[in-house]
Every structure is written in C-alpha cells, then in structure tokens.
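Throughout, residue positions are numbered sequentially from 1 according to the sequence presented. Just follow the structure's listing: the first ligand is 1, and inside any ligand the first atom is 1.
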Amino acid sequence: MMMELAFVLLLLRLVEYALGTPRPDSIKDSYDFIIIGGGTAGLTVANRLTENIRTSVLVIEAGDTDVGNLNLEVPFFCTRTVPFTSVDWNFTTVPQTNLNGRSLIYPRGFVLGGSSSVNFLAYTRGSEDDWDRFASVTDDPGWSWNQILPFFLKVRDCLTVQILLSELTSLNQSEKLTPPADGHDTTGEIIPSYHGFDGLVGDSLPGFPSPLDPMVIATTTEDPEFPFNIDINSGSPLGVGWAMATVSGGVRSSSATSYFRPFSNRPNLDLLLNMRVTRVLPGNSDSSTLQLQVVEIAQSRDGPRIQIKANKEIILSAGAVKTPQILLLSGIGPSEDLNAMGIPVVLDSPSVGQNLTDHPFVSQSWSVTGNNTFETAERDPVIAAQQFAEWNSTRTGPLTAITNQVGWLRVANLTSQYPDPASGPDSPHFELLFANGLVLTAVPPTGNFLTIAGADVSPTSHGTITLQSTDPFDAPLIDPNFLATDVDFFVMRQAMRSAQRFISNSAWSTYIIAPSFNGTTDDELDAFLRENIQSTFHPIGTAAMSAQDANYGVVNPDLTLRGATGLRIVDASVFPFIPAAHTQACVYALAERAADLVKATWNLP
Ligand SMILES: Cc1cc2nc3c(=O)[nH]c(=O)nc-3n(C[C@H](O)[C@H](O)[C@H](O)COP(=O)(O)OP(=O)(O)OC[C@H]3O[C@@H](n4cnc5c(N)ncnc54)[C@H](O)[C@@H]3O)c2cc1C
Ligand SMILES: *[C@@H]1O[C@H](CO)[C@@H](O)[C@H](O)[C@H]1NC(C)=O
Ligand SMILES: *[C@@H]1O[C@H](CO)[C@@H](O)[C@H](O)[C@H]1NC(C)=O
Ligand SMILES: *[C@@H]1O[C@H](CO)[C@@H](O)[C@H](O)[C@H]1NC(C)=O
Ligand SMILES: *[C@@H]1O[C@H](CO)[C@@H](O)[C@H](O)[C@H]1NC(C)=O
Ligand SMILES: *[C@@H]1O[C@H](CO)[C@@H](O)[C@H](O)[C@H]1NC(C)=O
Ligand SMILES: *[C@@H]1O[C@H](CO)[C@@H](O)[C@H](O)[C@H]1NC(C)=O
Ligand SMILES: *[C@@H]1O[C@H](CO)[C@@H](O)[C@H](O)[C@H]1NC(C)=O
C-alpha cells in the first residue's frame, strides 16, 4: 500500500515536472513536521524545530521569495508593499454594516515571511494585563506576561546544536535590539533590560530624527494627559514614548530575513514556494480518535493535488484569515456551515472562523508650517532620489524610519458608562500614532501635513471568516464587523478628540495651520468615522485557544486542535482576545513558546 502511494506520488511529481512546475527535487513524501505558511509564526517554528538536525521540517508557502524586492527592504517603502501588489493576497472585507457599507482593503503578506515582510514594522508587545488575560482564559500560566517575557527575550541552551550546524549566530533570544540607523545615543528612550540583544529578529529605535520629535516630547512634559513613557514595551505601555521598529542596520527585519535566510542551508529544512495548501486530511490509521496527518497541496486552481505526510505534526500557520479557511475546507468547523457548503464534516468545531477581532483605525491630518514632511520628497523627485541614494549607499537617512513616537492611552471617564473593554487598568483603550505627513493618501499638489492616527486597541466588536466557495483558490469572506458596539464608537471619538487636544498644546502653536476636519460633536465625529475607518491589519481570534474544559475555542492552551491529534495551530488566529498592540511581536513570542511546546511533546532537544 505504502509502495503504491509512493509510486503515485512519484508519478504526480513527474507529471508536474512535465508541466513545468518548479519544485525542488529534494521534497520528500513525508516529514516529521509540515508547516503550512512560511510567515511570521511559521518560519519561527521552522527555525526552532530544525535546530535539532534529526528533525525534518517542510515549510509550504503560497507566495514567492522575498529576495530582490526593494519595497520589502527599505523601511519607509512599507507604504508601497500593499495593497494589490505581487506580495499581497489582495483581500477586501465584505461591506461593513456600520461604515456606510464600505468594503475595506485587507492586505496580508503573500510572500516568504508573510505579513512580517510587508507590515509597517512597528514593534509592540502589548500589556502585562493582555498576557495575563490569555493565561486566565486558557487556564495556562505559561501565557502570562511573566512567563512569556523570556520568549520575547529568549534564553535557551542550544549551543551544541549550533555547533553541529556550524552556525555562529546566537539562537538564544527572539529579539535583537540593534543601534538605530543614525547611531544616536538612545539613553532615555528605552529601558535596555526589557530587551533581548542576542535574538534573531532585529529591532531598533527610530533611526532618523523627525521635525515632530521635539514637539511630541515637549507635549509629554506639558500635558498630564500624555505622560512620557520611557519604554512602551515594558508591559506597562500607558503614555507616549519612542516607537520601536523591526529595522536592523537600516533594513527591514522579517521572519524571512531573520529566522529563515541565515539557516536556509540546514539539510533538515525544506521549503516549497509558490505552492498552496488546499486542505488537511486524516491519516489512514484506524484509531478511534481523529488523527490529522496529510497535507494536500496544489499549485493552481486546476492543478494536480499532491499529498505529503507529517509523521509527527502538521503546524498550521497560515494566518488569521487563511487558517480558518483551510480548516473549513478540511471539514473542520461549525457543522451547519459545512453542511450548507456541502463539505463533509470531519470535526464539528463551532468556533472556527468566529470571534475575528481587529483594530479599527482612523487618521486625522492638519496642514502645517513646516516644509520638511513626507510630502517634500513625494513631490520632488530630486529629493526622493537623494534619500534613496543615501539609503542605498549607507542604509541611513529618512527612509530608515516611518513613525518615531506612539501613545497608548485610556479614555478617562469610560468606565463610568461602560464595562472596561481593556484587559486591565494598565492597558490602553486607544493608540495615537504620529506621522510627519499624509499616510496612504494621495499627495495634494500643495501643503505640508501632520497625521495623527487613532486606533481602538481594545475593541469589543467581533466578526467572522467564512467560506464564499469550496474552491481553495477563492478568497474567504472577511467580516471584521468594525464598530458594531457603542463603546467602540465612544472610544474612537475619544481617540479623535485626544489627538485634537494633543496638538492644541503650546509646543504646536506655530506649527499647526488648520485641521483637515473640523467636526466636534458626536454626530460629526461618528459620520467621519463611518466614512474613514480602516483596518490596522491586526486580525486575530479565528482559531482561538481556550481552557481545556471550555465549551468554545478551537485549540487547547498548548495550541493542539481540540478534538483531534496531529495538528497544532501557531499564528495570530489563536489569540482569544486582541492584544493592545501591533501584533507581530506578540506572534513571534507566541511562536517561540509554541516551538518549545512542540519540542516538549516529542521530547526533542
Ligand atoms: C499591511 C500590514 C501592516 C501591518 N503592520 C504591522 C505593524 O506595523 N506592526 C505589527 O506588529 N504588526 C503589523 N501587522 C500585523 C502583523 O504583521 C501580523 O499580525 C503578523 O505578521 C501575523 O503573523 P502570522 O504568522 O499570523 O501570519 P502571516 O505572517 O501573514 O503568515 C501567514 C503565511 O501563510 C501563507 N499562507 C496562507 N495561506 C496559505 C496556503 N493555503 N498555503 C500555503 N501558504 C499559505 C501566507 O502567504 C503567509 O506567508 C501588519 C499587517 C499587515 C498586513
Ligand atoms: C494580487 O495582485 C497582484 C497584482 O495583480 C498579483 O501580482 C498577485 O499575484 C495577487 N495575489 C494573489 C494571491 O493572487
Ligand atoms: C545562550 O544561553 C546559554 C544558556 O543560558 C548561555 O550560557 C549563553 O551564554 C547564551 N549565549 C548568548 C550569546 O547569549
Ligand atoms: C468568542 O470569545 C468569547 C470570549 O472569549 C467567548 O466567550 C465566546 O464563546 C467565543 N465565541 C465563539 C463562537 O467561540
Ligand atoms: C524649507 O525652509 C527652509 C527655511 O526657510 C529653506 O532653507 C529650505 O530650502 C526649505 N526646504 C524646502 C524643501 O523647501
Ligand atoms: C544601489 O546600489 C547598488 C550597489 O550597491 C547599485 O548597483 C545600484 O545602482 C544603486 N541604485 C541606485 C538607484 O543608486
Ligand atoms: C468624558 O470625557 C470627555 C472628554 O474628556 C468629555 O467631553 C465628556 O464630557 C466626559 N463625559 C462625562 C460623562 O464625564
Ligand atoms: C475648518 O474651519 C476653518 C475656520 O472656520 C475653515 O477655514 C476651514 O475651511 C474648515 N476646514 C474644513 C476642512 O472644513
């Protein structure tokens, strides 16, 4: 039987070759672990599992290599990576009921490194309360802030393995705090003891001064609403502080550049690019429990389906949009939905695709007296060329930075009207991000601008990922269901008002000319929000972890699929609540712990 299977697989492979399918001839029929999605989490787990030379891993990534695309290297060019580019899945949401029926762009990285290759680089960890809430809802103290912090600054004993693989890079930590691109003294901008220095993902403080810096910092000393926070990544994010970004040596650091590329020659690590996983299947074991073991892949809608076997585990890391879609296509999800689509139910798992949560985000802008804003280079090709030449020759200059400060704030009087939507009293309700110009907006012919974006970082609205068809090459239906609750509108209004108060401080008096939006009443602000809210692209929750004895949830606290063996989910979809953070650093830490959990299960060094 196995011989026959092997033969069929071989034939399929030969047919593929004849059809010109590029695939490395080193791909085997089975691996210890098959990782679905070479994204942020997927490549982190792949790296850690292949530290052990005897563990074989295949990573299957739908997108192409990230190498050779300048937009993925130059930090400021993050404004060009998406939407609707060769490295984007090109998703849009269903019309949003509370946003005048608008359909929003919903980019996701379609490239090695996943969304870490295309994102806006902000490095934020969320609050102590966020992680402690993960621990309490999963009943697993391993997810608490105190126990997850070492995975942000990871320490482990893997030196023997390193020597085996003749690699000198330290593997001990996830974070590698590096000097900013301009090499400035960062004293007073960060608390170094909260950071890792020997990890793999490079991050840094802003590498180029912005004309906004003195005004933002002066506001933190002038206005008690905006206290200075010396390190927003310490677990206590409240206040305004220096932003960190996954930029190292002036270049983007992604899971592809950090966890994958320096290790790509490991003999036990195979990568299949430009290949889609269409579903996962049970093995042909006759045990009474459902054992998922087989990964089905295809290169095109009508292309041949090929099956590869995971001897130990399938790791599903396709991200919060595609992970639930793959589960549903595999017959794992709410049985009534599967029946309605004509998909045989393999496992009734009612929470799959539910509880999608994301941060709604809105920008306000002001015209300003300064002449050194993003618009300056955007309008003048000579200045733009100078900036690029500087980056190209020395990896320094304005293209190394995107936003220099960030604020995490609470609505002072919220809890007198609503239950607190934040994870705890030291967690923010909203975020303010400062940008030295218009962002993701067409540049008008004249004028210079300041943007302050506000995001509801503890939203209470939840949406869904569902199937629109049974074709794995179709997009799923994405409904973040933004602003479905009064408190979310309330928080967004207060975020807008807070931004308006921020620039009314004296530090800005000669800088601000006029607002682009003059509204002040609730109705005016609500109308603006309905017309202007976008996603911050932080979806989570669609395959959530829950306590072992909970009556909802998709995965156990150790991220194994509830009701089956052989499959673990490791990506942003497992967070049961959205952290008050840009999500990439949280995903790296989650994936680091997940790799430890996998190793513990299989007793791997
Ligand atoms: C435009 C944008 C800006 C963002 N800005 C920030 C920011 O500034 N800071 C921050 O912290 N976070 C940001 N985020 C969010 C952050 O990047 C994500 O939360 C995080 O990267 C998600 O990691 P993941 O592993 O869950 O998924 P991903 O990194 O998206 O990985 C999923 C991978 O699976 C692959 N895949 C999917 N389906 C299949 C299939 N069927 N077969 C094979 N492969 C498949 C995908 O191509 C992708 O490579 C941003 C995201 C986007 C899209
Ligand atoms: C998204 O659109 C771009 C531009 O048309 C294309 O190159 C890319 O392949 C598309 N992505 C997907 C997943 O189809
Ligand atoms: C890595 O961790 C080990 C074990 O804790 C420690 O002995 C070693 O010094 C660390 N290496 C680096 C480079 O930090
Ligand atoms: C959504 O999340 C909440 C909070 O964790 C939980 O109580 C609820 O059961 C979840 N819903 C589903 C369908 O999983
Ligand atoms: C900005 O203004 C300063 C001072 O007036 C001037 O020297 C400089 O050339 C201006 N820069 C641009 C890009 O217009
Ligand atoms: C960037 O630098 C490379 C060499 O490092 C050079 O080949 C290329 O022409 C440069 N590009 C520009 C636009 O200066
Ligand atoms: C809540 O705070 C906002 C802004 O600070 C203020 O406009 C509003 O009047 C306050 N509402 C209550 C009920 O205190
Ligand atoms: C805002 O109000 C000012 C002063 O009344 C006015 O000059 C400006 O045009 C208004 N801006 C907008 C965008 O309505």
Which atoms of ligand 1 are found less than 4.0 Å from any heavy atom of [X]?
X	value
Val111	49 (O)
Asp571	25 (O), 26 (O)
Val82	1 (C)
Gly319	26 (O), 27 (O), 32 (C)
Ile60	43 (C), 44 (N)
Arg276	42 (N)
Ala41	25 (O)
Val587	23 (O), 25 (O)

Q. Are Phe152 and Tyr194 an aromatic pair by the rule of ring centers under 6.0 Å?
A. no

Nearest non-hydrogen atom to [atom] belongs to which of [options]?
atom	options	answer
atom 39 (C) of ligand 1	Trp89, Phe473, Phe120, Tyr588	Trp89
atom 31 (O) of ligand 1	Pro539, Gly113, Gly39	Gly39
atom 7 (O) of ligand 2	Ala62, Ala475, Ser86	Ser86

**Q.** Member of Asn71, Asn119, Thr81, Thr400 meeting the side chain to side chain donor-acceptor pair (under 3.5 Å) criterion with Arg252
**A.** Asn119

Closest protein heavy atom to [atom], given as residue, atom name and distance to 0.1 Å:
atom	result
atom 14 (O) of ligand 2	Asn90 ND2, 4.0 Å
atom 7 (C) of ligand 1	Ala122 N, 3.6 Å
atom 11 (N) of ligand 6	Asn392 ND2, 2.8 Å
atom 13 (C) of ligand 6	Phe388 CE2, 3.5 Å
atom 9 (O) of ligand 2	Phe110 CE2, 4.0 Å

Give the contacting part of [X] toward ligand 1: side chain, backbone, both or neither, where contact means a heavy-atom distance below 4.0 Å.
X	result
Ala581	neither
Tyr123	neither
Met275	backbone
Leu121	backbone

Q: Would you kindly say whether Thr44 and Glu592 are connected by a side-chain donor-acceptor distance under 3.5 Å?
A: no

Q.
Regarding Ser546 and Arg562, do their side chains bring together a donor and an acceptor under 3.5 Å, going by distance alone?
A. yes

Q) Got an N/O contact under 3.5 Å between Asp88 and ligand 2? A) yes

Polar contact flag for [X] and ligand 1 (N/O pairs, less than 3.5 Å):
X	value
Ala572	yes
Ser115	yes
Lys322	no
Thr40	yes
Ala320	no
Thr536	no
Val277	yes
Gly109	yes
Phe110	no
Ala62	yes

Q | atom 2 (O) of ligand 6 within contact range, any protein heavy atom under 4.0 Å | A | yes

Q: Establish whether atom 5 (O) of ligand 6 and some protein heavy atom are separated by less than 4.0 angstrom.
A: no

Q. With distance as the sole test, does Ser330 use its side chain to make a donor-acceptor pair with the main-chain N or O of Ile332 at under 3.5 Å?
A. no

Q. Got a donor-acceptor contact below 3.5 angstrom from the Ser116 side chain to the Ser255 backbone?
A. yes

Tell me, please: is [X] in heavy-atom contact with ligand 1, that is, under 4.0 Å?
X	answer
Pro107	yes
Gln325	no
Thr124	no

**Q.** Salt bridge present between Arg48 and Asp596 (N-O < 4.0 angstrom)
**A.** no

Q | Trp391 six-ring centre to Arg395 NZ/CZ under 6.0 Å and within 45° of normal | A | yes

Q: Identify the residue among Val280, Leu467, Leu338, Thr278 that makes a side chain to side chain contact (heavy atoms under 4.5 Å, CB included) with Leu329.
A: Leu467

Q. Hey, are the side chains of Ser127 and Trp408 touching, using non-hydrogen atoms and a 4.5 Å cut-off?
A. no

